[in-house]
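Just below is one structure, and these are the notes that go with it.
The structure presented is a predicted model; accordingly, all values stated were derived computationally and were not measured.
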Amino acid sequence: MEVYPPAINTNLNLFNMDNLIAKPKAKKGRPLKNLNPSKAFEWFDETEYARAKQDHKVWEEVYSEVKVVTKTDFETIDEFEANLRSKYPELEKLDIEQLYILAGIDRRKISNVYRELSSRNKPSIEKETYVVKIPSEKANEYSQYLSIAQAFNNLREAGNNQLNTSLIPQITGNRIVLDSRSMKLIPNAYRFTQDFK
């Protein structure tokens, strides 16, 4: 006994071709909400801002000592010495050392406090300075380095402790750096900002 396949209805009029809509093809890769190459990324870098506030506080402590020792508000020794010269305009041919002696000021003490102040970083604490802006033309490249950093972090978390990640910053031209607080690799966002040369 032969078995025949069921008859196929070839009458296409049963189907309305206008109602047939193809399903959109699923996009591969990172979701659009995380990466949109048509727009710039922008966020406030809280870590760098906190670090800047801490550095600025240390600078202010040293600067308050400078104000006590010099009895002035000058931030550099050049400004201090220019002010000292302006007090004795008729003695402009004298060496600065002689002006210190004439004013009864210990030059070594003044030099030491200004040297200490100049060794301290005085970062800006304006919040606008720490808003990272990655332009749309660099967003795709930033996303790629973010993926690389996350992949290495995932490998380390999975127990691959023999994986040496210390060379990654050098290999990537510091586009990926090791965050000293979290001890994880992160993309160096400042390498992708508009103003970076």
Side-chain angles (χ1 to χ4, degrees), residues 40-135 138 142 145-146 148-150 152-153 156 164-197:
F41 287 96
E42 185 175 311
W43 70 90
F44 179 67
D45 192 342
E46 292 180 27
T47 306
E48 282 301 314
Y49 181 66
R51 196 172 291 154
K53 281 199 337 187
Q54 188 177 4
D55 288 350
H56 196 274
K57 186 179 177 187
V58 171
W59 182 87
E60 281 181 332
E61 288 169 2
V62 177
Y63 180 54
S64 64
E65 186 182 336
V66 167
K67 289 197 282 189
V68 169
V69 171
T70 64
K71 299 178 180 63
T72 65
D73 290 338
F74 299 116
E75 293 184 15
T76 65
I77 195 164
D78 293 334
E79 292 172 344
F80 177 81
E81 289 180 350
N83 180 59
L84 184 60
R85 255 191 205 289
S86 69
K87 290 179 181 177
Y88 304 100
E90 69 282 359
L91 302 173
E92 61 181 31
K93 294 192 177 182
L94 284 181
D95 187 66
I96 192 68
E97 182 76 47
Q98 294 167 320
L99 291 178
Y100 271 99
I101 294 168
L102 189 64
I105 301 170
D106 184 354
R107 185 177 187 188
R108 190 172 32 200
K109 196 173 183 182
I110 299 294
S111 296
N112 288 342
V113 292
Y114 276 117
R115 189 178 306 112
E116 179 69 22
L117 184 65
S118 65
S119 70
R120 303 293 174 179
N121 183 22
K122 185 192 177 185
S124 168
I125 50 173
E126 293 290 322
K127 286 195 170 185
E128 184 61 31
T129 309
Y130 301 97
V131 174
V132 181
K133 296 177 183 175
I134 297 178
K138 292 190 178 181
Y142 174 80
Y145 282 100
L146 177 63
I148 293 167
Q150 287 175 344
F152 275 101
N153 290 332
R156 290 292 300 267
N164 185 3
T165 56
S166 62
L167 291 177
I168 301 295
Q170 187 178 354
I171 292 168
T172 60
N174 282 328
R175 284 177 178 82
I176 294 177
V177 293
L178 182 67
D179 181 36
S180 58
R181 293 179 188 225
S182 65
M183 293 309 290
K184 289 186 176 183
L185 291 169
I186 58 169
N188 183 1
Y190 295 98
R191 289 297 301 257
F192 301 94
T193 54
Q194 205 139 20
D195 301 329
F196 185 79
K197 301 288 187 255

**Item:** Audit row: Tyr145, Thr172, side-chain contact (heavy atoms from CB on, under 4.5 Å) steps and yes/no
**Value:** CA-CA 9 Å; Tyr145 282 100; Thr172 60; 3.9 Å; yes
**Request:** Please lay out, stage by stage, how Ile110 and Tyr100 fare under the test side-chain contact (heavy atoms from CB on, under 4.5 Å).
**Result:** CA-CA 10 Å; Ile110 299 294; Tyr100 271 99; 3.9 Å; yes
**Message:** Let's go through Val132 and Tyr142 carefully: what are the C-alpha distance in whole Å and the side-chain angles of both, what is the deciding distance for side-chain contact (heavy atoms from CB on, under 4.5 Å) to 0.1 Å, and is it a yes or a no?
**Reply:** CA-CA 12 Å; Val132 181; Tyr142 174 80; over 6 Å; no
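Among the candidates Ile186, Asn188, Ile168, the single residue satisfying the side chain to side chain contact (heavy atoms under 4.5 Å, CB included) test with Ile176 is Ile168.
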Enumerate donor-acceptor pairs with a distance under 3.5 Å from any side-chain N or O in residues 111-121 to protein atoms, sequence neighbours excluded.
from, atom 1, to, atom 2, distance (Å)
Ser111, OG, Arg107, O, 3.0
Asn112, OD1, Arg115, NH1, 2.9
Asn112, ND2, Arg108, O, 3.3
Tyr114, OH, Phe74, O, 3.0
Glu116, OE2, Arg120, NE, 3.2
Glu116, OE2, Arg120, NH2, 2.7
Ser118, OG, Tyr114, O, 3.3
Ser118, OG, Arg115, O, 2.9
Ser119, OG, Glu116, O, 2.7

Between side-chain atoms of residues 47-61 and protein atoms elsewhere (two or more places apart, or another chain), which donor-acceptor pairs fall under 3.5 Å?
from, atom 1, to, atom 2, distance (Å)
Glu48, OE2, Arg51, NH1, 2.8

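Atom CZ of Arg175 and atom CZ of Phe192 lie 6.0 Å apart (nearest 0.5 Å). Atom CG of residue Leu102 and atom NZ of residue Lys87 lie 11.0 Å apart, to the nearest 0.5 angstrom. The CG atom of Leu185 sits 11.5 Å away from atom CG of Leu146, with the distance rounded to the nearest 0.5 Å. Once rounded to the nearest 0.5 Å, the distance linking CD1 of Ile96 with CG of Leu99 reads 5.0 Å. We find the CD1-OH distance between Ile134 and Tyr190 to be 10.0 Å, quoted to the nearest 0.5 Å.
For Thr70, the side chain to side chain donor-acceptor pair (under 3.5 Å) criterion is met by Thr72, not counting sequence neighbours.
The backbone N or O of Gly173 sits less than 3.5 Å from a side-chain atom of Arg191, completing a donor-acceptor pair. In terms of modelled atom types and a separation under 3.5 Å, the side chain of Asp45 and the main chain of Tyr130 share no donor-acceptor contact.
In plain terms, the two heavy atoms of Arg85 and Leu91 that are nearest each other are NH1-O, 4.3 Å. Residues Val177 and Pro169 come closest through the heavy atom pair CA-CG, 4.1 Å.
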